[in-house]
Amino acid sequence: MSIIDVSSVSKSYGGVKANSDISITVEKGGITGLIGPNGSGKTTLFNSIVGYHPIDSGSIKFEGQEISRMQVPEIARLGLLRTFQQTRIYGEMNCVENMLISLPHRKMTFWENFQPNSKQDHEKAERLLEFVGLYEKRFLRSGSLSFGQQKLLEFAMALMNEPTVLLLDEPTAGINPTLINGLIERLKRANSEFGITLFIIEHNMRVIMNMADQIYCLAHGELLAAGSADEIQNDQSVIDAYLGAH
């Protein structure tokens, strides 16, 4: 069963077509990969799905509901969140404080945003920091963490909002290779244990080929290929456009 349906989506910036007539499906409960060379339109598509940039034409549905004209907070409240290539954490705050400040997405009223966080919020924050391997660093200033640890913190912050679908933009980029396997394991556990559907942009082919159930490849703003990891690795058009360069 699909949870995200992108149908004939196009998006231009000035005279440049970043996405052209793209149709993809993200299956509920699965892990879907999105690959392609730099400038192929991957991040533009992610931004359109979560509401950062309105599309020019086409349709984006989340659990059957049209979301292409919704604002970012509305879409987030539906359970559709994303992370970024560059982390968006609060470097002067410690890890627990970063976790707690991510909670207002779930607080629906004006006054609730000024209420102190509950004991349950603190316990949830610490539990998720333990899940991503940052429990021992929970009271450290987050700006002092390595880039890879900051990505783990951003991942934990997203989990605080209990997303239904999490879009991850190059989660392993810039991470020390020794941390990558741990991150992959935690992403898989978030998918299997928490039931979170994952949609991942990734340049590390070893990572995405070992994780994704379905992979889409973009090139020059268009959908080039779709299929399983084996199908994508053996697709000559993908090899010519992308994989052959690695």
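Below, all heavy atoms of this structure are taken into account, side chains as well, without hydrogens, waters or symmetry copies.
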Enter the distance from Leu187:CG to Ile200:CD1 here, rounded to the nearest 0.5 Å.
5.5 Å
In sequence, state the C-alpha distance, the side-chain angles, and the governing distance for Cys95 and Leu145, and then conclude on side-chain contact (heavy atoms from CB on, under 4.5 Å).
CA-CA 9 Å; Cys95 294; Leu145 301 177; 3.7 Å; yes
Correct closest heavy-atom pair for Asn19 and Gly41 would be ND2-O, 3.0 Å
Taking atom CE of Met160 and atom CG of Asp121, what is their separation to the nearest 0.5 Å?
6.0 Å
Residues in salt bridge (Lys or Arg N to Asp or Glu O under 4.0 Å) contact with Arg141, at least two apart in sequence or another chain
Glu92
Got a second to check how far Asn181's CG is from Arg186's CZ, nearest 0.5 Å?
11.0 Å
With sequence neighbours excluded, residues passing salt bridge (Lys or Arg N to Asp or Glu O under 4.0 Å) with Arg127:
none
Looking only at heavy atoms, what is the nearest atom pair of Ala125 and Leu100, with distance?
CB-CD2, 4.3 Å
With sequence neighbours excluded, tell me which residues meet ring pair (Phe, Tyr, Trp, His ring centres under 6.0 Å) with Phe194.
Phe131
Compare all side-chain heavy atoms of Met70 with those of Leu78 and state whether any distance is below 4.5 angstrom.
yes
After noting the C-alpha distance and the side-chain angles of Met209 and Ile215, does the key distance pass the side-chain contact (heavy atoms from CB on, under 4.5 Å) rule?
CA-CA 8 Å; Met209 295 297 173; Ile215 299 172; 3.6 Å; yes
Does Thr197 reach the main-chain N or O of Gly29 with its side chain, forming a donor-acceptor pair under 3.5 Å?
yes
With Glu126, which residues qualify under salt bridge (Lys or Arg N to Asp or Glu O under 4.0 Å), at least two apart?
Arg138
Those residues that, when tested against Phe155, pass ring pair (Phe, Tyr, Trp, His ring centres under 6.0 Å) (two or more places apart)
none
Return each pair, listed once, that meets ring pair (Phe, Tyr, Trp, His ring centres under 6.0 Å) where at least one residue sits in residues 11-32; pairs must be two or more places apart or across chains.
Tyr13-His53
Treating Asn191 as the side-chain partner and Ile196 as the backbone partner, does any N or O pair qualify as donor plus acceptor under 3.5 Å?
yes
Among all residues two or more places apart in sequence or in another chain, which pass the side chain to side chain contact (heavy atoms under 4.5 Å, CB included) test with Glu66?
Ser59, Lys61, Ser68
With a 4.5 Å limit on heavy-atom distance, are the side chains of Asn210 and Ile184 in contact?
no
Considering only heavy atoms from C-beta outward, does the side chain of Met99 approach that of Leu153 to under 4.5 Å?
yes
Just to verify, what does His220 make a ring pair (Phe, Tyr, Trp, His ring centres under 6.0 Å) with, not counting sequence neighbours?
none
Taken to the nearest 0.5 Å, the spacing of Asn204 CG from Ile35 CD1 works out to 11.5 Å
Could you tell me whether the side chain of Asn98 and the main chain of Tyr90 form a donor-acceptor pair under 3.5 Å?
yes
For residues Ala76 and Leu81, report the shortest heavy-atom separation together with the two atoms involved.
CB-CD2, 3.5 Å
Min side-chain heavy-atom separation Gln214-Glu27 under 4.5 Å:
no
Any residue meeting ring pair (Phe, Tyr, Trp, His ring centres under 6.0 Å) with Phe199, in chain and number order, not counting sequence neighbours
Phe46
Applying side chain to side chain contact (heavy atoms under 4.5 Å, CB included) between Ile4 and each of Thr25, Leu80, Thr32, report the one that passes.
Leu80
Check for a donor-acceptor pair, side chain of Lys11 on one end and backbone N or O of Pro54 on the other, with a separation under 3.5 Å.
yes
What's the shortest heavy-atom distance between Gln150 and Gly143, and which atoms?
NE2-O, 3.7 Å
Which distance, rounded to the nearest 0.5 Å, do you find between the CD1 of Ile60 and the CZ of Arg69?
8.5 Å
Tell me, please, which residues at least two apart from Gln236 pass side chain to side chain contact (heavy atoms under 4.5 Å, CB included).
Ile239, Asp240
Checking Asp169 side chain against Ile201 main chain: does a donor-acceptor pair fall under 3.5 Å?
no
Give the intermediate values and the outcome of side-chain contact (heavy atoms from CB on, under 4.5 Å) for residues Met205 and Ile208.
CA-CA 5 Å; Met205 289 298 98; Ile208 203 65; 3.8 Å; yes
ILVMFWY cluster, Val6 and Tyr52 together (side-chain gap under 4.5 Å):
yes
Asp5 and Ser7: side-chain donor and acceptor closer than 3.5 Å?
no
Taking Asp56's backbone N and O only, do any of them form a donor-acceptor pair with Ser10's side chain (distance below 3.5 Å, no angle check)?
no
Indicate the atoms forming the closest heavy-atom contact of Leu183 with Leu152, along with that distance.
CD1-CD2, 3.6 Å
How would you list, by chain and number, every residue that makes a side chain to side chain contact (heavy atoms under 4.5 Å, CB included) with Asp213, sequence neighbours excluded?
Ile31
Side chains of residues 171-178: which donor-acceptor pairs under 3.5 Å do they make with residues two or more places apart or in other chains?
unit_1, atom_1, unit_2, atom_2, d
Thr172, OG1, Glu202, OE1, 3.1
Thr172, OG1, Glu202, OE2, 2.8
Asn176, OD1, Thr178, N, 2.8
Asn176, OD1, Thr178, OG1, 2.7

Distance-only, no hydrogens or angles: does the Lys28 side chain make a donor-acceptor pair with backbone N or O of Thr164 under 3.5 Å?
no
If you round to the nearest 0.5 Å, how far is NZ of Lys151 from CD1 of Ile89?
12.0 Å
Could you check whether any side-chain heavy atom of Asp21 comes within less than 4.5 Å of a side-chain heavy atom of Ser8, counting everything from C-beta outward?
yes
Keeping the roles fixed (side chain from Lys42, backbone from Gly36), state whether a donor-acceptor pair exists under 3.5 Å.
yes
Do you reckon Met1 sits in the same ILVMFWY cluster as Val26, going by side-chain contacts under 4.5 Å, direct or chained?
no
Is there a continuous path of hydrophobic side-chain contacts, each under 4.5 Å between heavy atoms, that joins Phe139 to Leu129?
yes
Heavy-atom closest contact (Ser23 atom, Leu223 atom, distance)
O-CD2, 3.4 Å
Go through Lys124 and Leu128 one step at a time and tell me if the side-chain contact (heavy atoms from CB on, under 4.5 Å) criterion holds.
CA-CA 6 Å; Lys124 180 179 180 181; Leu128 287 172; 4.2 Å; yes
